[in-house]
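In this chain, residues are counted from 1 in sequence order. When a ligand or atom number is given, it counts from 1 through the structure's own listing order.
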Amino acid sequence: MKVLLIGSGGREHALAWKIAQSPLLTKFYAAPGNPGIAEHCELVSLDIDDHSAVVTFAQDKQIDLVVVGPEAPLVAGMADALRSAGIAVFGPSAAAAQLEGSKGFTKDICARFNIPTGAYQRFNNAPKAKAYVREQGAPIVIKADGLAAGKGVTVAMTLDEALAAIDDCFEGAFGEAGAEVVVEAYLDGEEASFFCLSDGKTLLPLATAQDHKRVGDGDTGPNTGGMGAYSPAPVMTPDMVERTMKEIIEPTMRGMAEIGMPFQGVFFAGLMITNKGPELIEYNVRFGDPECQVVFMRLKSDLLPLLHASAVGTLDQVSAEWRDETALTVVLASKGYPGAYDKNTPISSLPDEGGETKVFHAGTALKDGKLVATGGRVLNVTALGKTVTQAQARAYDQVDAVSWDNGFCRRDIGWQAIVREKA
Ligand code: AMP
Ligand code: GLY
C-alpha cells in the first residue's frame, strides 16, 4: 500500500512510526513532515493548504491511502477533495469535521440525539450571552464556537471571569472563531479521552488516555495543547467504556449518518466522568496530540489496515489488540510556551531508544544538519511500563538524557493515576 501522511507534529511522528512498521506498506511519503517523521518516510514539499496540489500528488504517485493528521485541513475539506478524486482518505469530510470545527454544531447534535453533555446556549452577541451567564451564575464555561487552537475555552469560576471571557470572544481575541459563543454548564469530575474509529456505519473502539492541559506542575498555569499523557486512563473502567460507546459514540455515529454527514475517521471524545457517568465535553475529529503517542505505543496490531478500513468502510472486518502495559509521554517544550519562546535553539543530543521507549519529534527541524527546536511543544518522550509509576520513571530517565538548554517539562505527568496506584 502506498501512503501519504499529512502533518508535521508529534502526532504525525507517532502515526509515521506505527505505519512504517506495517508489512502492507510499499511506499511512504509525508508532507510537510519533520526530522523524526523523515526517519520513516520520504518528505515531500507540498503546500498542504492547496488541496488540488495534494490531490495531484496523490494521483501521480498512485497513493492508496492519505492519512490526514491535523484538524485544520479536515475542517477545510481536504478529505472531500481527495474522495471526489477517488482517493481513499483517513479523516472526515468537512461537513462531519464540524464536530470539531463548531462547538455549537456538536452541542446541537448532542441535544438532538440525546447525548449526555452540559446544558448550553449559543449566542451571537455579548449582551444576550451576559444576561444568560448572570442568570446561570458561576462556575460556568465560555467557549468560542470555532477552532481556536485549544485556547478558546474559559472555565470561569467567577461571574466576572465569565463576563470578561464573553467580551474577549466578541472583541475578536479568537478572530472568526469567537463570532459565536457557546455558554455551557460547568461539569465536575475527572477528565478522560476516548478514541474510537468509525467508517460511518461501524465503530472500532481503540483506547483511553488522560492528558495534562495546564503548563505547570499540579495542573497550574495557563492551558496548553497538552504537556503529557498516559494510556490507559484508570477512570475509564470497562463499564465506563461501555457506557461511553452506548450513550455517546454510537448515537453520534448514527446521528451523523442520519443527517447525511457520515463520520469516517477517529472520534476523539473529551469526556468528563461525573457522578452521573460519562458526559461529552467536546469532540475532536483527529487523534489527540500527545494522546496518540501513548495510544500507539500500546497498539500491538498493525495500524495501517485499521486506518484503511475506516477510510473504505470495512471496519467490521478488522480488530485491534493492545499491550497491557501503561504508556506515558512527557512533552518537552520551549521555555516561555504557551507564551512567546525562542526558535531555532539547539538540541545537542537525544537519548538512545530501546523497545520500551521512544522520542517523538513535535516541533523540530534540521538547520545546517543540526537538530533545532522550532515549536512550542518540541519533543514527546514516551515510555512503557508495567505500572504508571514505572512508565513515569522510565520517561523521566529519558527526559534527563535530552540535552536541550531551552527546554522544560512538567515533572508530574501521570500524578492522578499514580495516586490511585499507591492507594
Ligand atoms: P475543550 O477545548 O473544549 O477541550 O476545553 C478545554 C478544557 O476546558 C477541557 O479539557 C476541560 O478541562 C475544560 N472544560 C471544557 N468544558 C467544560 C465543562 N463544561 N465543564 C468543566 N470543564 C470544562
Ligand atoms: N491534547 C489535546 C488535543 O490533541 O486536542
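- Note: an N/O pair closer than 3.5 Å links E282 and ligand 1 by distance alone.
- Rounded to the nearest 0.5 angstrom, D324 CG and R298 CZ are separated by 8.0 Å.
- Taking a 4.0 Å cut-off on heavy atoms, A185 registers as neighbouring ligand 1.
- When the heavy atoms of G288, G225, G226 are ranked by distance to atom 2 (C) of ligand 2, first place goes to G225.
- For F296 and F287, the gap between ring centers is short of 6.0 Å.
- For V153, no nitrogen or oxygen atom sits less than 3.5 Å from a nitrogen or oxygen atom of ligand 1, counting backbone and side chain alike.
- Distance check: N406 CG to T345 OG1 gives 4.0 Å after rounding to the nearest 0.5 Å.
- Close approach of ligand 2 to D211 is summarised as follows: ligand atoms under 4.0 Å from at least one heavy atom of the residue are 1 (N), 2 (C).
- At a cut-off of 3.5 Å, with distance as the only test, a side-chain donor of E421 or T389 sits close to an acceptor on the other residue.
- Listed by number with element, the atoms of ligand 2 under 4.0 angstrom from any heavy atom of E291 are 1 (N), 2 (C), 4 (O).
- Listed by atom number, the atoms of ligand 1 under 4.0 Å from K213 heavy atoms are 10 (O).
- Atoms of ligand 1 lying under 4.0 Å from at least one heavy atom of M272, given by number and element, are 21 (C), 22 (N).
- Listed by first and then second residue, the ring pair (Phe, Tyr, Trp, His ring centres under 6.0 Å) pairs that reach into residues 213-243 are H212-Y230, sequence neighbours excluded.
- More than 12 heavy atoms of other shown residues, nucleotides or ligands fall within 6.0 angstrom of atom NZ in K201.
- Given atom 5 (O) of ligand 2, the protein heavy atom at minimum distance is R286 NH2, 3.0 Å.
- Taking distance alone, with nitrogen or oxygen atoms compared against 3.5 Å, R377 stays at or beyond that limit from ligand 2.
- Annotation: W17 is in aromatic contact with F360 [ring centroid separation under 6.0 Å].
- Counting heavy atoms only, V155 comes closest to atom 23 (C) of ligand 1 of the residues N223, N284, D211, V155.
- Atoms of ligand 1 found under 4.0 Å from any heavy atom of K103, numbered from 1 in the order shown, are 2 (O), 3 (O).
- Residue F268 has at least one heavy-atom neighbour below 4.0 Å for each of these atoms of ligand 2: 3 (C), 4 (O), 5 (O).
- Contacts of Y283 classified as ring-ring contact (aromatic ring centres under 6.0 Å, His included), with partners at least two apart in sequence or in another chain: F267.
- Distances from ligand 2 to the non-hydrogen atoms of K213 include no value under 4.0 Å.
- Under a cut-off of 6.0 angstrom, the local environment of CG in D405 is sparse, with at most 12 non-hydrogen atoms contributed by other residues, nucleotides or ligands.
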